[in-house]
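Just below is one structure, and these are the notes that go with it.
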Amino acid sequence: MSNSSIEIYTLNLSRNYTFTSLVNSKWKTEDEPELDDNNAFTRLYTKLLDALIGQGIWESRKHTKKGLAVMPPLPAQPILNEPHPQNDMLKKHANSFIIEGYIDGGLYNIKRKMATYTQTEELQEIPRTKIVTDSYYFYLYLRMNSGKGILMMESKKGMYMSGVLTEFVSDMLSIHNVCRCISSMYVPEEIKQDFKNGAVLKSVTCSSNLVSSTRINNQEVQKRYKVTVKIEPENQPLFNNRDGIIGEIMQFAVKIGDRLTPFNNFGNKKGEMFNNDEHSTKTFFLDDPDVVPKIALSDEMYDEQNSILIREQIKEKCDELLQIVQREIYDIQRPRIDDENEN
């Protein structure tokens with residue numbers, strides 16, 4: 001698997017605003033007629049570009065020394081006096097109300113050094129005025145006549161820019177003291193269930209604070225212990241068949257002092273499930289087996305030469321995820337087979 005994954009966020013506007021009404025309130029000029037959904041979407045796209053292109057980086061207020069920009073693609077062979085290639089790094093798809101492409105993000109105002117990895121003694125200092133970035137794939141869907149949107153973004157292992165990207169989108173889609181855009185991480189139930197269906201029960205951990213009483217010099221003295229016990233089945237059952245073995249484990253007991261305490265009486269009971277296809281372990285509470293699996297991306301989607309996700313492939317993946325999320329947050333029903341056959 002590649003080091004990239006996709007994170008999904010839901011966007012919700014406050015005070016019954018729709019995205020179209022927000023754009024009209026925030027960016028429509030006094031002499032303009034009311035913007036409809038299509039024109040409001042175009043205005044929003046323009047404002048996003050204005051914030052990210054040509055006027056320096058967009059600086060995060062919450063994440064120190066991190067910024068965003070949309071930078072033009074580098075020409076393969078620079079030609080003298082050739083105009084810079086058109087910047088289509090972030091595109092709008094007006095028919096589907098989708099904005100997608102690459103946003104560059106990274107650290108700035110930090111004194112650093114760089115060197116050729118074969119000549120580390122030849123150092124160059126990177127000035128504080130420079131920003132060193134990576135490109136992150138960005139996919140924004142806004143149903144303009146509603147206040148619910150969907151944001152998807154690339155997350156790179158060890159590089160945490162998700163908070164900056166969600167802050168940027170929420171900032172653009174808010175009006176100070178009037179309307180807030182609230183972003184929340186979201187994993188579709190369908191993906192959660194797929195992860196569980198392919199997982200085994202790896203372990204069960206029970207922990208609790210126990211009290212033991214002893215007598216010292218004819219006085220009762222209490223001692224407190226934090227006890228944690230981890231049980232790993234030799235034959236790991238499928239996660240969906242876990243109830244039987246967990247029931248057996250809950251009958252086990254530990255003796256501390258004169259007290260015998262069954263695991264079922266422990267205050268904190270968790271399990272671990274392991275999905276071999278995803279090479280991923282997730283922790284869950286025994287009484288609420290919810291998980292938040294990572295939406296990992298395959299190596300085939302990654303362009304090693306340019307250090308970016310291949311646009312056609314990642315957009316197709318996000319289009320598929322969009323269909324799943326739309327059904328859940330907008331309560332869109334799957335078409336019946338006979339409906340599909342009518343077309």
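None of the values given here were measured: they were computed from a predicted structure. By convention here, the first residue in the shown sequence is residue 1.
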Exercise for the section: Please answer whether the main-chain N or O of Ile329 pairs with a side-chain N or O of Lys148 as donor and acceptor at a distance below 3.5 Å. Expected result: yes
Practice task
State whether a side-chain donor-acceptor pair under 3.5 Å links Glu100 with Tyr141.
Solution key: no
Exercise for the section: Keeping to residues at least two apart or across chains, list the side-chain hydrogen bond (donor to acceptor under 3.5 Å, both in side chains) pairs with something in residues 161-182. Expected result: Glu7-Ser162, Ser60-Glu167, Arg61-Asp171
Handout entry: Thr18 and Asn145 side chains, donor-acceptor separation under 3.5 Å
Key = no
Practice task
Give a yes-or-no answer on whether the side chains of Ser280 and Asn275 include a donor-acceptor pair shorter than 3.5 Å.
Solution key: no
Practice task
Quick one: pull up SG in Cys181 and CG in Leu22 and give me the separation to the nearest 0.5 Å.
Solution key: 8.5 Å
Practice task
Go through Lys65 and Glu59 one step at a time and tell me if the salt bridge (charged side-chain N to carboxylate O under 4.0 Å, His left out) criterion holds.
Solution key: CA-CA 8 Å; Lys65 299 180 180 179; Glu59 299 180 52; over 6 Å; no
Problem - Salt-bridge present (Lys294, Glu278; N to O < 4.0 Å) - result: no
Exercise for the section: Search all heavy atoms of Ala51 against all heavy atoms of Trp58 and return the closest pair with its distance. Expected result: O-CB, 3.8 Å
Practice task
Working to the nearest 0.5 Å, report the span between CD of Glu232 and CD of Gln236.
Solution key: 7.5 Å
Problem - Salt bridge flag under 4.0 Å for residues Asp287 and Lys269 - result: no
Handout entry: Pair Phe285-Asn268, side-chain contact (heavy atoms from CB on, under 4.5 Å): steps then yes or no
Key = CA-CA 8 Å; Phe285 291 100; Asn268 192 351; 4.0 Å; yes
Practice task
Check whether any side-chain N or O of Arg224 sits under 3.5 Å from a backbone N or O of Asn209 as a donor-acceptor pair, and report yes or no.
Solution key: no
Handout entry: Same apolar cluster (I L V M F W Y, side chains within < 4.5 Å links), Ile8/Val292
Key = yes
Exercise for the section: Check whether any side-chain heavy atom of Ser203 sits under 4.5 Å from a side-chain heavy atom of Lys230, and report yes or no. Expected result: yes
Problem - Glu121 atom CD, neighbour heavy-atom count above 12 within 6.0 Å - result: yes
Exercise for the section: Considering non-hydrogen atoms only, spot the tightest contact between Ser207 and Thr228 and give its length. Expected result: CB-OG1, 3.4 Å
Problem - Candidate pair Tyr330 and Val325, rule side-chain contact (heavy atoms from CB on, under 4.5 Å), full reasoning - result: CA-CA 8 Å; Tyr330 298 115; Val325 179; over 6 Å; no
Problem - Side-chain (Tyr45) to main-chain (Leu90) donor-acceptor, under 3.5 angstrom - result: yes
Handout entry: Distance in Å, Asp104 CG paired with Ser135 OG, rounded so as to fall on 0.5 Å steps
Key = 3.5 Å
Exercise for the section: Flag yes if Val204 and Val200 sit in one hydrophobic cluster, no otherwise; membership is Ile, Leu, Val, Met, Phe, Trp, Tyr, and two members link when side-chain heavy atoms are under 4.5 Å apart. Expected result: no
Fill in the blank from the handout: Ile131 and Gly67 have their tightest heavy-atom pair at CD1-O, 4.0 Å
Practice task
Could you check Lys317 against Glu320 for salt bridge (charged side-chain N to carboxylate O under 4.0 Å, His left out), going step by step and ending with a plain yes or no?
Solution key: CA-CA 5 Å; Lys317 175 71 174 179; Glu320 293 172 359; 5.0 Å; no
Exercise for the section: Report, as yes or no, whether the 6.0 Å neighbourhood of atom NZ on Lys26 holds more than 12 heavy atoms from other residues, nucleotides or ligands. Expected result: yes
Handout entry: Note, Leu140 side chain near Leu11 side chain (heavy atom, < 4.5 Å)
Key = yes
Handout entry: Within-4.5 Å side-chain heavy-atom neighbours: Lys91 and Lys315
Key = no
Problem - Donor-acceptor contact present, side-chain Lys196 to main-chain Pro289, <3.5 Å - result: yes
Practice task
Report the distance from atom CG of Leu309 to atom CE of Met301, rounding to the nearest 0.5 Å.
Solution key: 8.0 Å
Exercise for the section: Output the distance between atom OG (Ser184) and atom CG (Leu151), rounded to the nearest 0.5 Å. Expected result: 11.5 Å
Practice task
Give a yes or no on whether the backbone of Leu35 and the side-chain of Asn39 come within a donor-acceptor separation of less than 3.5 Å.
Solution key: no
Problem - Test item: Ile308 and Ile314 side chains (from C-beta on) under 4.5 Å apart, heavy atoms - result: no
Practice task
Compare all side-chain heavy atoms of Leu68 with those of Val164 and state whether any distance is below 4.5 angstrom.
Solution key: yes
Exercise for the section: Using atom types as modelled and distance alone, determine if a side-chain donor or acceptor of Thr120 lies under 3.5 Å from a backbone N or O of Tyr117. Expected result: no
Exercise for the section: Following the transitive rule for hydrophobic clusters with a side-chain heavy-atom cut-off under 4.5 Å over Ile, Leu, Val, Met, Phe, Trp and Tyr, establish whether Trp27 and Phe19 coincide in one cluster. Expected result: yes
Handout entry: Between CE on residue Met161 and NE2 on residue His63, distance to nearest 0.5 Å
Key = 8.5 Å
Problem - Those residues that, when tested against Phe263, pass ring pair (Phe, Tyr, Trp, His ring centres under 6.0 Å) (two or more places apart) - result: Phe266
Practice task
Mind running side-chain contact (heavy atoms from CB on, under 4.5 Å) on Val169 and Phe138 for me, showing each step along the way?
Solution key: CA-CA 11 Å; Val169 172; Phe138 174 94; 3.7 Å; yes
Exercise for the section: Establish, from distance only, whether the side-chain atoms of Glu154 and Tyr102 form a donor-acceptor pair under 3.5 Å. Expected result: no
Handout entry: Derivation of the side-chain contact (heavy atoms from CB on, under 4.5 Å) call for Ile175 and Ser25
Key = CA-CA 8 Å; Ile175 303 174; Ser25 298; 3.7 Å; yes
Problem - Residue pair Gln323 / Asp319, side-chain donor-acceptor N/O under 3.5 Å - result: no
Practice task
For the residue pair Leu201 and Phe284, establish whether any side-chain heavy-atom pair is separated by less than 4.5 Å.
Solution key: yes
Handout entry: Check: Ile310 and Glu312 side chains under 4.5 Å, non-hydrogen atoms
Key = yes
Exercise for the section: Answer yes or no for Lys156 and Tyr136: cation-pi contact, defined as NZ/CZ to six-membered ring centre under 6.0 Å and angle to ring axis within 45°. Expected result: yes
Fill in the blank from the handout: Taking every heavy atom of Lys66 against every heavy atom of Leu107, the minimum-distance pair comes out as CG-CD2, 3.5 Å
Exercise for the section: Please examine the side chains of Leu44 and Phe97, heavy atoms only from C-beta on, and report whether any two atoms are closer than 4.5 Å. Expected result: no
Problem - Centroid separation Phe239 to Phe195 less than 6.0 Å - result: no
Problem - Six-ring centre of Tyr137, Arg311 cation under 6.0 angstrom, axis tolerance 45° - result: no
Problem - Closest heavy-atom pair and its distance - Val23, Met144 - result: CG2-CE, 4.4 Å
Problem - Single-linkage hydrophobic cluster Ile246~Val229, side-chain heavy atoms < 4.5 angstrom - result: yes
Handout entry: Side chain Asn241, main chain Pro237, donor-acceptor under 3.5 Å
Key = no
Handout entry: Heavy-atom pair of closest approach, residues Glu32 and Arg43
Key = OE2-NH2, 2.5 Å
Problem - Residue Lys223 excluded, over 12 heavy atoms near NZ under 6.0 Å - result: no
Handout entry: Same cluster (ILVMFWY, side-chain, under 4.5 Å), Phe252 and Met250
Key = yes
Handout entry: Donor-acceptor contact below 3.5 Å, side chain Arg15 vs main chain Val178
Key = yes
Handout entry: Polar side-chain atom of Glu328 near backbone of Glu189 as donor-acceptor pair, under 3.5 Å
Key = yes
